[in-house]
Amino acid sequence: MDKEIKYLNKIHSPADLKKLDSSEYPELAQEIRNVLIDTVSKNGGHLASNLGAVELTIAIHLTFDSPKDKIVWDVGHQAYTHKLLTGRYDVFDTIRQKDGISGFCHPNESEHDTFYSGHSGTSVSSAFGIAEANKIKKNNNYTVAVIGDGSFTGGLVYEALNNAGRSKTNLIVILNDNEMSISKNVGSVAKYLTKIRSKKRYVRMKAKLERFLDRIPLIGHSMASGLFNFKTAVKNLIYESTIFEKMGFRYMGPIDGHDIGMMCEALETAKSLGAPVLLHVNTVKGKGYNYAEKDPSHFHGVSDFDIDTGEPHSSGDTFCNEFGKLMCKMAEKDKRITLITAAMSLGTGLTEFSDKYSERFFDVGIAEEHAVTFASGLAKGGMLPVFAVYSTFLQRCYDEIIHDGALQDQKLVLAIDRAGFVGDDGETHNGLYDVAFLQSIPKVTVYSPATYDEMKVDFGNAFYRDKDVVAVRYPRGGEPEIPEDYEPSFGTYDIYGDVSADTVIVTYGRLFFEAAKAAKELQKHNINVKILKLNRIKPIDIEAFKEIMNAKHIFFYEEGVRSGGVGEKFAAELLQHGYKGSYDITAVEDCFVKQAKVPELIKQYKFDSESMVNKIVEKTTEV
């Protein structure tokens with residue numbers, strides 16, 4: 001999409017934005033949308049949410065003084081326009097690429113990015129913390145939290161609102177509502193009151209009147225209270241008073257989030273109140289790109305695609321899709337199987353299941369903790385619940401897995417998608433921690449299949465053989481090319497290669513395929529290798545240790561964090577069984593993994609076959 005750039009290459013900070021005439025705002029908004037569509041079509045990313053937040057973001061930067069005023073974006077996947085207006089247009093084409101800018105807000109990237117967050121529901125809590133810090137320091141700057149309506153399905157938001165509503169801080173929460181209506185407004189009177197309540201003149205007049213009445217001796221305070229109660233009663237009759245006001249916030253809206261002038265006026269009003277404000281804004285998700293407007297869920301997070309057709313450049317079978325088909329097939333035979341997702345039915349491959357078995361499908365919203373405990377209730381009621389969740393979001397459920405699942409001997413199945421490296425979304429989304437924290441929980445069984453067929457067997461075991469909490473973890477993307485001579489046993493482990501070799505590679509999941517390639521390459525160096533492929537990684541079959549106790553060299557490869565991972569557990573077990581040879585672990589050390597394509601990360605962290613060969617040759621030939 002070759003469009004002339006008229007504004008963005010001249011906007012290096014919000015100060016440059018404020019130099020524009022208001023008549024130029026619509027053209028700027030269109031230019032931003034062109035850049036968003038063009039860039040995401042090449043790099044992938046979050047499109048629909050960003051297209052819907054263009055005018056809203058312009059209004060925020062026109063009204064506030066960033067970075068003195070702090071803007072906290074919930075998740076950050078709606079902050080692409082924010083990046084463009086804060087001096088990152090010249091590097092925007094690197095978004096989500098290796099060594100490029102992040103797909104989320106990142107403080108290391110810009111002083112205008114307050115927090116790095118890839119998980120939802122955190123903005124109000126962190127923004128309130130900043131606002132309280134400002135109050136303590138007698139700093140009158142504003143703190144703005146921009147949060148989508150989807151995040152309001154998570155409990156953390158309400159904990160924060162309940163806490164913040166009692167404060168006297170310059171906190172403004174902007175609810176970017178692109179799907180559901182929170183307050184029911186009736187008729188033209190309600191619309192008129194919404195408009196007039198957003199005017200500074202009205203707010204100031206109201207405040208002056210209340211102060212005047214309060215000064216009248218004896219009766220003034222009661223008159224002011226009576227006036228407030230009368231106003232509230234009338235407003236409640238028309239508006240059905242919002243939950244936000246019950247929590248102590250001044251509620252404004254809903255207003256048109258695509259009307260920059262109205263937005264700026266409402267934000268100026270919010271600034272004048274001197275109390276926590278919730279500004280309810282209506283926007284259209286995917287606005288300006290027909291395919292995204294028609295199917296905003298599909299264009300929420302996308303891979304590269306054809307702008308003219310909206311179709312992805314690459315498609316095919318994936319673990320995610322195979323999981324969805326498997327659940328449909330198994331649910332047809334077993335009426336107890338129920339599926340739970342946390343606002344990720346498309347992302348976890350459950351669209352077909354949700355259509356076919358709607359009475360057994362539950363989208364709980366962005367409420368992962370609730371999902372696990374809800375699953376526990378389903379299990380207690382005689383169902384076979386499966387919670388389909390990305391590895392990175394399962395992190396929120398640690399307490400519930402322990403307390404409501406394993407401790408209570410509940411049969412819960414965790415379908416852990418995006419296990420291991422995820423790639424473009426960076427530090428917040430890589431699924432590198434689930435193995436380590438699940439290792440620490442008693443009565444939890446964990447499978448890590450390398451192929452679609454193995455995944456099917458593992459879910460069968462999870463439903464009908466294993467007890468308590470069972471996790472089946474699988475990576476983003478599809479099944480790698482399987483070696484022709486690999487014959488899976490579908491047991492707890494497999495042996496591949498030279499069974500008599502005294503050099504052993506131990507691994508699990510998709511790294512098995514890199515190990516298989518390394519084993520063939522090592523033959524050219526006159527090094528024969530046996531591969532111990534773990535299928536069930538918790539608990540590890542005692543027979544697996546016996547298979548390699550006489551090995552001279554053992555090399556463990558793990559696509560996850562080393563600390564608390566299977567590699568360390570495996571080493572401890574070997575030592576307890578009296579192993580005398582050398583042992584080497586390659587895993588993700590004490591760091592957060594930055595964004596890059598998955599193959600790039602595999603190579604960077606020495607999990608590729610070439611790196612395996614180099615290390616094994618070096619270590620086995622040392623004198």
Side-chain angles (χ1 to χ4, degrees), residues 119-120 150 153-154 297-298 300-301 317-332 334 336-379 383-398 400-401 404-405 410-420 422 425 429-431 433-435 437-438 444-449 452 454-463 466 469-478 509:
H119 293 185
S120 72
T153 56
S297 294
H298 176 76
H300 172 75
D317 290 335
T318 63
F319 276 94
C320 174
N321 293 338
E322 290 295 315
F323 163 73
K325 289 187 283 187
L326 175 64
M327 289 302 102
C328 286
K329 185 176 180 180
M330 298 184 81
E332 183 180 6
D334 192 333
R336 298 174 300 161
I337 294 176
T338 53
L339 266 294
I340 306 164
T341 182
M344 296 293 289
S345 58
L346 180 64
T348 55
L350 295 177
T351 303
E352 182 182 357
F353 189 99
S354 67
D355 292 335
K356 280 188 174 182
Y357 306 106
S358 58
E359 75 284 357
R360 287 188 276 154
F361 174 77
F362 304 94
D363 187 341
V364 300
I366 306 175
E368 293 87 357
E369 302 96 319
H370 162 64
V372 172
T373 305
F374 172 60
S376 179
L378 285 172
M383 298 293 106
L384 283 175
V386 183
F387 177 31
V389 60
Y390 287 7
S391 171
T392 182
F393 301 129
L394 186 68
Q395 294 160 193
R396 296 183 156 195
C397 311
Y398 185 65
E400 286 73 21
I401 295 171
D404 304 318
Q410 299 289 6
K411 169 53 77 67
L412 312 179
V413 178
L414 303 174
I416 307 176
D417 198 346
R418 269 62 167 179
V422 173
D425 283 329
H429 277 61
N430 284 307
Y433 310 102
D434 60 274
V435 170
F437 70 71
L438 290 173
V444 172
T445 301
V446 184
Y447 291 96
S448 191
Y452 299 152
E454 289 172 352
M455 180 176 70
K456 294 172 185 176
V457 171
D458 291 345
F459 274 108
N461 291 337
F463 284 136
D466 300 312
V469 179
V470 185
V472 181
R473 60 190 307 275
Y474 43 92
R476 180 185 186 185

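- Here the shortest heavy-atom pairing between Gly405 and Leu412 reads CA-CD1, 3.8 Å.
- When side chains are defined from C-beta on, Tyr447 counts as touching Asp466, because their heavy atoms get closer than 4.5 Å.
- Contact between Leu346 and Ser297 at its shortest, heavy atoms only, is CD2-O, 3.8 Å.
- Interatomic distance, CZ of Arg476 versus CZ of Phe319, reported as 14.0 Å (0.5 Å rounding).
- Between the OG atom of Ser448 and the CD atom of Glu454 there is a distance of 9.5 Å, given to the nearest 0.5 Å.
- Under a 3.5 Å cut-off, the side chain of Thr373 and the backbone N or O of His370 do not form any donor-acceptor pair.
- The two residues Pro449 and Arg473 make their nearest non-hydrogen contact at CD-O, 3.2 Å.
- With hydrogens and angles ignored, the 3.5 Å screen pairs a side-chain donor or acceptor of Lys411 with a backbone N or O of Phe463.
- In this structure, the side chain of Ser358 does not engage the main chain of Ser354 through any donor-acceptor pair within 3.5 Å.
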**OP:** Before giving the answer on side chain to side chain contact (heavy atoms under 4.5 Å, CB included), spell out for Leu414 and Val470 the whole-Å C-alpha distance, their side-chain angles and the decisive distance to 0.1 Å.
**Re:** CA-CA 6 Å; Leu414 303 174; Val470 185; over 6 Å; no
**OP:** Step by step, work out the side chain to side chain contact (heavy atoms under 4.5 Å, CB included) result for Lys456 and Glu322.
**Re:** CA-CA 9 Å; Lys456 294 172 185 176; Glu322 290 295 315; 4.1 Å; yes
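- You'll find the ring centres of His119 and Phe393 inside the 6.0 Å limit.
- Looking at every heavy atom in both residues, Met344 comes nearest to Asp363 through N-OD2, 4.4 Å.
- With contacts defined as side-chain heavy-atom distances shorter than 4.5 Å, the pair Ile340/Leu378 qualifies.
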**OP:** Give the intermediate values and the outcome of side chain to side chain contact (heavy atoms under 4.5 Å, CB included) for residues Asp334 and Leu384.
**Re:** CA-CA 9 Å; Asp334 192 333; Leu384 283 175; 3.6 Å; yes
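- Side-chain contact, Asp458 with Tyr474: no donor N or O sits under 3.5 Å from an acceptor N or O.
- Using a 4.0 Å cut-off between charged nitrogen and carboxylate oxygen, Lys329 and Glu332 do not count as a salt-bridge pair.
- Side-chain contact between Phe361 and Thr341 is present, with heavy atoms from C-beta onward closer than 4.5 Å.
- Between atom CG of residue Leu350 and atom CZ of residue Phe362 there is a gap of 13.0 Å, rounded to the nearest 0.5 Å.
- Annotation: side chain of Ile416 is not in contact with side chain of Val472 (no heavy-atom distance under 4.5 Å).
- Between Met327 and Val386 the shortest side-chain heavy-atom distance falls below 4.5 Å.
- Side-chain contact of Ser391 with Asp434: a donor-acceptor pair under 3.5 Å is present, judged by distance alone.
- In this structure, Glu400 and Arg396 approach most closely via the heavy-atom pair OE1-O, 3.7 Å.
- What you find for Ile366 and Ser120 is that their closest heavy atoms are CG2-OG, 2.8 Å.
- With hydrogens and angles ignored, the 3.5 Å screen pairs a side-chain donor or acceptor of Arg360 with a backbone N or O of Ile337.
- No side-chain heavy atom of Ile401 sits under 4.5 Å from any side-chain heavy atom of Gln410.
- Between the side chain of Arg418 and the backbone N or O of Val389, no donor-acceptor pair lies under 3.5 Å.
- Relative orientation of the Tyr398 and Phe437 rings is perpendicular, given thresholds of 30° and 60° on the angle between their planes.
- Counting heavy atoms from C-beta outward, Glu368 and Phe387 have side chains that approach closer than 4.5 Å.
- Between the Ser376 side chain and the Asp404 main chain, a donor and an acceptor come within less than 3.5 Å of each other.
- Using a distance-only test at 3.5 Å, with no hydrogens or angles considered, no donor-acceptor pair links the side chain of Asp417 to the main chain of Cys320.
- Note on ring orientation: taking the six-membered ring where Trp is involved, the planes of Phe323 and Phe459 are tilted (angle from 30° to 60°).
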